[in-house]
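Every value quoted in this text rests on a predicted model; they were computed, and no experiment measured them. Each residue takes its place number in the sequence, starting with 1.
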Amino acid sequence: MTETANITVLIVAYKSVGTLAGCLDALRSQTRAPREILVLENGSPDGQRVAAADIPPGIRLIESGENLGFAGGNNLLARSAQSEWLALLNPDAYPHRDWIEQLEAASRAYPDVPLFGSTQFAAGNEDVLDGTGDCYHALGLAYRSGYGRKLNAIPEGEVFAACGAAMFVRRDVFEALGGFDDRFFCYNEDVDLGYRARLRGWAVIQLAGARVDHVGYGSSGRRSEFATYYGVRNRLWVFLKNTPGWLFWALLPGHVAVTLALWISAFRFGQGRLFARAIADGMSAREKILASRVEIQASRRVSAMRLARMMNWNPFDLITRRAKVWRVGKTRV
């Protein structure tokens with residue numbers, strides 16, 4: 001790598017000793033070098049912590065004595081970043097050689113866009129997608145479009161939100177949004193960030209050419225109690241904080257109904273009580289969450305109708321993981 005881009009890569013590592021080396025090797029092989037790479041050792045247990053000896057020269061290691069979660073960990077790293085752009089990357093995501101180059105080119109091609117998502121492939125299976133952007137369904141459910149689907153044409157255009165596993169965000173916008181909501185800890189914090197950006201009138205572009213191979217659920221497990229608890233609680237918070245105006249009341253019955261259906265389904269996996277606890281804990285914080293809602297809605301710059309057009313409405317989209325990508329500057333596919 002001979003040239004540097006005005007980009008800081010942020011990597012939050014938790015129990016990541018098995019994947020981080022491959023991630024860093026991929027970054028060191030980029031056709032365009034980032035200005036800096038910051039790695040946070042995020043309070044991993046003894047024996048699973050990233051040590052200074054694991055970090056190649058030129059990469060800065062920051063250590064936390066406690067687990068700040070994905071949200072708090074990236075917020076901490078962002079405060080130390082010196083670049084105009086932040087590139088968030090999971091330690092189990094391996095960027096293709098031109099990833100930084102593609103991100104930098106996107107900042108020139110879309111000068112008014114502050115948020116970009118990368119195309120993610122399932123690590124070890126180049127024919128299967130791990131995600132092409134985050135969609136938000138009108139029922140109040142977020143999903144990673146294309147997850148687990150066979151590779152077809154890769155779309156490029158606006159999406160509802162960018163997946164935090166390989167996200168590119170202008171630092172001043174990240175700061176203006178207050179970064180991730182630390183209370184989320186893990187899961188749905190990227191959807192929440194994208195939702196808040198959307199409400200402020202900022203676009204989010206999913207890039208076809210910026211590609212990473214992603215293992216996924218590297219530190220938690222897909223149906224772990226951890227993933228279920230934070231996924232359920234945070235999904236509720238995303239809906240309560242962000243759904244604007246009349247749209248909130250119109251979508252509330254559907255959100256309640258689908259939450260009840262998912263709760264019943266959770267008993268099949270022995271997680272019914274866990275699901276109930278997540279909802280109870282989410283509601284116990286309702287005063288603080290609703291206070292955040294007041295602030296968010298006060299700064300809203302788009303109409304509820306325009307926001308509704310960015311959502312998926314077909315219930316089958318939740319099963320098929322259909323992408324909703326539209327032309328830049330338009331709110332319809």
Side-chain angles (χ1 to χ4, degrees), residues 1 7-30 33-81 86-97 99-100 103 118 120-126 128 130-131 144 147 163-168 179-180 182 184-190 210-231:
M1 298 188 295
I7 296 170
T8 296
V9 180
L10 311 182
I11 302 173
V12 176
Y14 181 76
K15 298 182 180 179
S16 302
V17 291
T19 61
L20 182 62
C23 175
L24 295 180
D25 284 346
L27 285 173
R28 297 174 76 202
S29 300
Q30 292 290 299
R35 179 177 179 180
E36 55 184 349
I37 300 172
L38 306 181
V39 176
L40 176 68
E41 169 39 65
N42 198 25
S44 302
D46 291 341
Q48 301 184 64
R49 295 179 61 85
V50 174
D54 302 319
I55 303 298
I59 297 175
R60 182 180 172 192
L61 176 65
I62 299 173
E63 298 188 66
S64 172
E66 61 177 322
N67 185 354
L68 303 174
F70 182 86
N74 275 295
N75 287 344
L76 185 152
L77 290 179
R79 290 192 291 270
S80 299
L86 307 175
L88 280 60
L89 186 66
N90 275 15
D92 61 351
Y94 311 121
H96 292 199
R97 290 191 70 247
W99 185 63
I100 293 292
L103 295 179
S118 303
Q120 298 171 207
F121 297 90
N125 193 339
E126 297 179 356
V128 176
D130 186 66
R144 204 182 310 160
Y147 177 78
C163 176
M167 174 194 291
F168 187 49
F180 291 121
D182 284 345
F184 277 54
F185 196 74
C186 286
Y187 297 108
N188 282 297
E189 69 288 301
D190 50 358
R211 304 184 175 197
V212 302
D213 299 326
H214 185 216
V215 175
Y217 298 95
S219 62
S220 64
R222 186 177 180 190
R223 275 199 201 280
S224 68
E225 291 188 358
F226 180 91
T228 295
Y229 175 83
Y230 285 103

- In this structure, which one of I11, N74, L77 forms a side-chain contact (heavy atoms from CB on, under 4.5 Å) with L40?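 Output: one option passes, namely L77.
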- Please name the residue in the list I62, N42, L10, D182 that meets the side-chain contact (heavy atoms from CB on, under 4.5 Å) test with L76.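 When side-chain contact (heavy atoms from CB on, under 4.5 Å) is applied between L76 and each of I62, N42, L10, D182, only I62 qualifies.
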- Item | Partners meeting salt bridge (charged side-chain N to carboxylate O under 4.0 Å, His left out) with D130 (sequence neighbours left out) |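 Here the qualifying residues are R144.
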Donor-acceptor contacts under 3.5 Å from residues 47-55 side chains, at least two apart:
| unit_1 | atom_1 | unit_2 | atom_2 | d |
| --- | --- | --- | --- | --- |
| R49 | NH1 | S44 | O | 3.2 |
| R49 | NH2 | E63 | OE1 | 3.4 |
| D54 | OD2 | A51 | N | 2.8 |

So, taking the atom named [atom1] in [X] and the one named [atom2] in [Y], what distance separates them when rounded to the nearest 0.5 Å?
X	Y	atom1	atom2	result
M167	N90	CE	CG	10.0 Å
F168	W99	CZ	CH2	8.5 Å
Y229	C186	OH	SG	12.5 Å
I37	I100	CD1	CD1	7.5 Å
R28	I59	CZ	CD1	6.0 Å
H214	C163	NE2	SG	6.5 Å

Hey, does [Y] have a side-chain heavy atom less than 4.5 Å from the side chain of [X]?
X	Y	answer
P95	L27	yes
R60	S80	yes
Y94	T19	yes
N67	F185	yes

- Which is it for F70 and D190 under the side chain to side chain contact (heavy atoms under 4.5 Å, CB included) test, yes or no, and what are the steps along the way? CA-CA 10 Å; F70 182 86; D190 50 358; 5.5 Å; no
- Task: Using atom types as modelled and distance alone, determine if a side-chain donor or acceptor of Q30 lies under 3.5 Å from a backbone N or O of H96.
- Result: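 Yes: the side chain of Q30 pairs with the backbone of H96.
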- Ignoring hydrogens and angles, tell me if any N or O in the side chain of S118 forms a donor-acceptor pair with the backbone of Q120 under 3.5 Å.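 No; zero donor-acceptor contacts below 3.5 Å.
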- Quick one: list whatever passes side-chain contact (heavy atoms from CB on, under 4.5 Å) with A71, sequence neighbours left out.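 Partners of A71 by the side-chain contact (heavy atoms from CB on, under 4.5 Å) criterion, ordered by chain and then number, come out as F180, E189.
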